[in-house]
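For reference, the structure is listed below as structure tokens.
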Amino acid sequence: MAFTICTWNINSVRLRADLVAALLREEKPDVLCLQETKSPVDKIPFPIFEQLGWKYAQARGEKGYNGVAILSRIPLEPVEHVDWVGKGDARHVAARLPGGEVVHNLYVPAGGDEPDVATNPKFDHKLKFVDQMAAHFEGQDGEAVLVGDLNIAPGEDDVWSHKQLLKVVSHTPIEVEKFEAARARGGWEDVVRKHLPEGKLYSWWSYRARDWDAADKGRRLDHVWATPGLAARSQSARILREARGWEKPSDHAPVFVTFGE
DNA sequence: ATGGTAGTCGCACTA
């Protein structure tokens with residue numbers, strides 16, 4: 001079964017339910033994976049999305065922080081999530097599509113400001129999280145897609161300035177090394193770069209820039225990975241940069257990948 | 001070198 005999947009860090013699904021609805025109406029991704037929903041599951045406005053045809057959902061949430069949700073117009077079966085680093089937080093939700101493909105929707109910790117595990121427990125948490133991702137998916141069987149805000153921009157062309165970001169959390173060498181190890185050990189392929197191999201590519205621009213569009217100091221923090229069989233079916237990828245310019249936007253843009261039969 | 005913005009469990013924490 002062919003499908004288009006989209007991943008989007010929405011930064012509050014309740015505040016931006018109208019933006020989610022606009023994306024569903026205008027872009028019609030079969031499966032929409034949201035991060036930073038910042039809402040208990042029972043307060044997510046699912047009826048708005050159901051009315052538009054996205055009547056299947058799997059979500060995990062907490063009050064105020066984190067939170068991940070999968071909205072779908074094709075049926076979903078629940079799949080057990082992982083309690084990464086034993087924190088009991090809502091950073092992973094998973095579901096199975098009718099074709100048997102498993103969708104993993106992840107929100108990797110941002111990691112704080114200082115890239116030093118000795119002084120910054122958030123950075124330690126982030127590195128442990130990515131290490132556990134590597135171990136967890138190693139030797140997996142079946143087809144799967146892993147999407148989400150992975151909070152790491154691995155390549156030189158995934159940031160506005162490789163040199164100026166080498167000591168900035170999200171692009172430090174230790175993060176990039178662990179990120180690539182997690183991807184390789186899980187047998188994942190980066191199906192966004194597969195289809196958009198050349199040039200700068202960003203999915204996030206800080207709220208703090210005076211003019212995010214003109215300054216264009218972005219980073220590619222949001223990713224779509226697929227297992228080899230599914231990656232072979234991938235047909236195209238796209239980042240909806242214009243969504244960053246919508247009224248009261250998320251600081252992340254939606255990332256899409258289309259898979260064929 | 002600093003500070004800039006945004007969201008929520010808001011007068012503090014996260015991103």
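Order of the sequence lines fixes the chain letters, A, B, ..., with proteins taken first and strands second; residue numbering starts at 1 for each chain.
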Exercise: do [X] and [Y] side chains pair donor with acceptor under 3.5 Å:
X	Y	value
A:W84	A:H92	yes
A:E36	A:N66	no
A:T7	A:H223	no
A:W204	A:D251	yes
A:S203	A:R220	no

Whole angstroms only, please: what is the [atom1]-[atom2] distance between [X] and [N]?
X	N	atom1	atom2	value
A:K217	B:dG3	NZ	C1'	12 Å
A:D251	B:dG7	CG	C1'	10 Å
A:Y65	B:dA12	OH	P	12 Å
A:N151	B:dT14	CG	P	14 Å
A:R219	B:dA15	CZ	P	13 Å
A:D211	B:dG4	CG	P	18 Å
A:R210	B:dA6	CZ	P	14 Å
A:I10	B:dA6	CD1	P	15 Å

Taking the minimum atom-to-atom distance to the side chain of [X], which one of [options] wins?
X	options	answer
A:Y207	B:dA6, B:dA15, B:dC9	B:dA6
A:L15	B:dC9, B:dG4, B:dT8	B:dT8
A:S12	B:dA6, B:dT8, B:dA15	B:dT8

Task: First of A:K38 and A:A110 reached from the 5' end of DNA chain B, by closest nucleotide - done: A:K38
TODO: By nearest nucleotide on DNA chain B, pick out whichever of A:N9 and A:P249 is the more 5' one.
DONE: A:P249
- [ ] Please determine if a side-chain N or O atom of A:S206 lies less than 4.0 Å away from the OP1 or OP2 oxygen of B:dG4.
- [x] no
- [ ] For B:dG7, take OP1 and OP2 only and decide whether either is under 4.0 Å from a side-chain N or O of A:K248.
- [x] yes
Same-atom distance ([atom1]) from [N] to [M], integer angstrom:
N	M	atom1	result
B:dG7	B:dC11	C1'	15 Å
B:dA15	B:dC9	C1'	15 Å
B:dG10	B:dT5	C1'	15 Å

Task: A:R16 (side chain) and B:dA6 (base): donor-acceptor pair under 3.5 Å - done: no
- [ ] Could you classify B:dC9 for me, syn or anti, using a glycosidic angle within 90° of 0 as syn?
- [x] anti
